Amino acid sequence: MSLAALLVLADGRFPAGGHAHSGGAEAACKAGRIHDAATLEEFCRGRLHTAGLTAAALAAAAALALDPAVLDAAADARTPSPALRTAARRLGRQLLRAARATWPAAELDALAAAFPRGAHQPVVLGLTARAAGLGPLEAAHVAAYESVSGPATATVRLLGLDPFQASGVLASLAPELDAVSARAARAADRARRDGPDALPAASSPLLDIAAQAHADWPVRLFAS
């Protein structure tokens, strides 16, 4: 495992398109559910243990070389919101473009051919991690971190929140990030034996509802 590759993949400046998405934070800010560092932490914690866990397990499973088409179907089934499915495929397409330029691999080329409109981002992330020489736990860590770093960064722009406070929120969640990543990696290992039904399907209905409403806004700062 290359620690440097892990840092490159997890870096917010990696050109994977995540900067254009708030992870539901924009809708939560408008609704008043996020208005300071404490409520940002509550939001991120809830997202980590639902959407974050699900994404981390899918990424870990892809890093273990489970069939990406099967995993993409599993991701679709775990994403009831059409707006979030669209966002996940758009992010997957952008990540795959960056990944193929950074870590050229036949698996990534095959994924691009099989999903010309984009596979779900966690599936692409897992294959990218594999191409970069990373394992399932590292892929899970990147996915889990992305699930909270995106909303934290977005809230700085949306509310003018002190960036030191936003970083403090991420630091406070570090033990839970480790725990969720480990749980996701264990689930991926079970899925290798028992199939994709062994992967988590943690639900976050409010995120789904808010995403659909957000997609209909005539003016918004973030794509999702």
Side-chain angles (χ1 to χ4, degrees), residues 7-31 33-34 40 43-44 46-48 50-52 54-56 58-59 62 72 75-76 78-103 108 111-112 115-129 132 139 141-163 165-167 169-170 173 204 206-224:
L7 294 173
V8 170
L9 185 55
D11 191 336
R13 291 163 294 188
F14 189 70
H19 66 280
H21 296 260
S22 76
E26 185 167 21
C29 287
K30 185 173 182 179
R33 290 189 290 273
I34 300 176
L40 172 62
F43 177 87
C44 287
R47 197 170 194 279
L48 172 63
T50 54
T54 301
L58 287 163
D72 190 77
D76 234 31
R78 288 160 173 75
T79 312
S81 162
L84 289 181
R85 286 198 296 271
T86 298
R89 293 192 181 281
R90 184 178 296 127
L91 282 167
R93 186 169 63 247
Q94 178 65 21
L95 172 58
L96 186 55
R97 181 182 177 190
R100 293 173 74 193
T102 308
W103 296 288
L108 298 178
L111 187 67
F115 294 92
R117 300 184 65 181
H120 275 264
Q121 193 268 359
V123 179
V124 179
L125 175 60
L127 263 72
T128 300
H141 265 108
V142 175
Y145 178 70
E146 286 180 346
S147 75
V148 294
S149 62
T153 301
T155 303
V156 171
R157 295 173 62 187
L158 290 161
L159 296 180
L161 185 71
D162 186 337
Q165 289 184 308
S167 294
V169 166
L170 295 177
L173 291 172
S204 48
L206 190 56
L207 282 176
D208 296 324
I209 293 168
Q212 286 304 122
H214 180 271
D216 290 334
W217 291 2
V219 178
R220 57 183 187 268
L221 183 60
F222 291 93
S224 70

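From a predicted model like this one, the values you see are computed outputs, not experimental measurements.
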Spacing of [atom1] belonging to [X] relative to [atom2] belonging to [Y], to within rounding of 0.5 Å:
X      : Y      : atom1 : atom2 : value
Arg100 : Leu111 : CZ    : CG    : 9.0 Å
Thr79  : Leu58  : OG1   : CG    : 8.0 Å
Leu84  : Arg78  : CG    : CZ    : 15.5 Å
Arg47  : Leu40  : CZ    : CG    : 11.5 Å
Leu125 : Leu9   : CG    : CG    : 5.5 Å
His214 : Ser22  : NE2   : OG    : 5.0 Å

Residues forming a side chain to side chain contact (heavy atoms under 4.5 Å, CB included) with [X], sequence neighbours excluded:
X      : value
Ala223 : His21
Ala132 : Ala5, Trp103, Leu134
Ala99  : Leu108, Thr128
Ala88  : His120

Which pair of heavy atoms, one from [X] and one from [Y], lies closest together, and at what distance?
X      : Y      : answer
Ala139 : Ala129 : CB-CB, 3.8 Å
Ala62  : Leu127 : CB-CD1, 3.5 Å
Thr50  : Ser204 : OG1-CB, 3.6 Å
Arg117 : Arg93  : O-NH1, 2.6 Å
Ala210 : Ala27  : CB-CB, 3.9 Å

Discussion item. Could you tell me if the side chain of Leu207 sits less than 4.5 Å from the side chain of Phe43, heavy atoms only?
Written reply: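 Yes, their side chains come closer than 4.5 Å.
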Worksheet item: Any donor and acceptor pair, going by atom type alone, linking the side chain of Gln94 with main-chain N or O of Pro15 inside 3.5 Å?
Response: yes
Worksheet entry | Check: Thr54 side chain, Ala51 main-chain N or O, donor-acceptor pair, under 3.5 Å |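 No, Thr54 side chain to Ala51 backbone: no donor-acceptor pair under 3.5 Å.
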Discussion item. Taking side-chain hydrogen bond (donor to acceptor under 3.5 Å, both in side chains) as the definition, give me every residue that meets it alongside Ser81, ordered by chain and number, with sequence neighbours left out.
Written reply: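 Expected list: Gln212.
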Item to complete: Apply side-chain hydrogen bond (donor to acceptor under 3.5 Å, both in side chains) to Gln165 and list each qualifying residue two or more places apart in sequence or on a separate chain.
Response: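 Once residues adjacent in sequence are excluded, Gln165 has no partner under the side-chain hydrogen bond (donor to acceptor under 3.5 Å, both in side chains) criterion.
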Worksheet item: Can you name the salt bridge (Lys or Arg N to Asp or Glu O under 4.0 Å) partners of Arg85, sequence neighbours left out?
Response: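 Scan of Arg85 (salt bridge (Lys or Arg N to Asp or Glu O under 4.0 Å), adjacent residues dropped) gives none.
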Practice prompt. Under the salt bridge (Lys or Arg N to Asp or Glu O under 4.0 Å) rule, collect the residues that match up with Asp76, sequence neighbours excluded.
Written response: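 Asp76 satisfies salt bridge (Lys or Arg N to Asp or Glu O under 4.0 Å) with Arg89 once adjacent residues are dropped.
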Discussion item. Taking salt bridge (Lys or Arg N to Asp or Glu O under 4.0 Å) as the cut-off, I'd like each qualifying pair that reaches into residues 11-29, sequence neighbours left out, listed once.
Written reply: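 Sorted pair list: Asp11-Arg13.
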Discussion item. Using a 6.0 Å cut-off, check whether atom CZ of Arg97 has over 12 heavy atoms from anything other than its own residue.
Written reply: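 No.
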Enumerate donor-acceptor pairs with a distance under 3.5 Å from any side-chain N or O in residues 150-161 to protein atoms, sequence neighbours excluded.
residue : atom : partner : partner atom : Å
Thr153  : OG1  : Ser149  : O            : 3.0
Thr155  : OG1  : Pro151  : O            : 2.7

Item to complete: Please report the C-alpha distance between Phe115 and Val123 in whole Å, then the side-chain angles of each, then the deciding distance to 0.1 Å, and finally whether the side-chain contact (heavy atoms from CB on, under 4.5 Å) criterion is met.
Response: CA-CA 11 Å; Phe115 294 92; Val123 179; over 6 Å; no
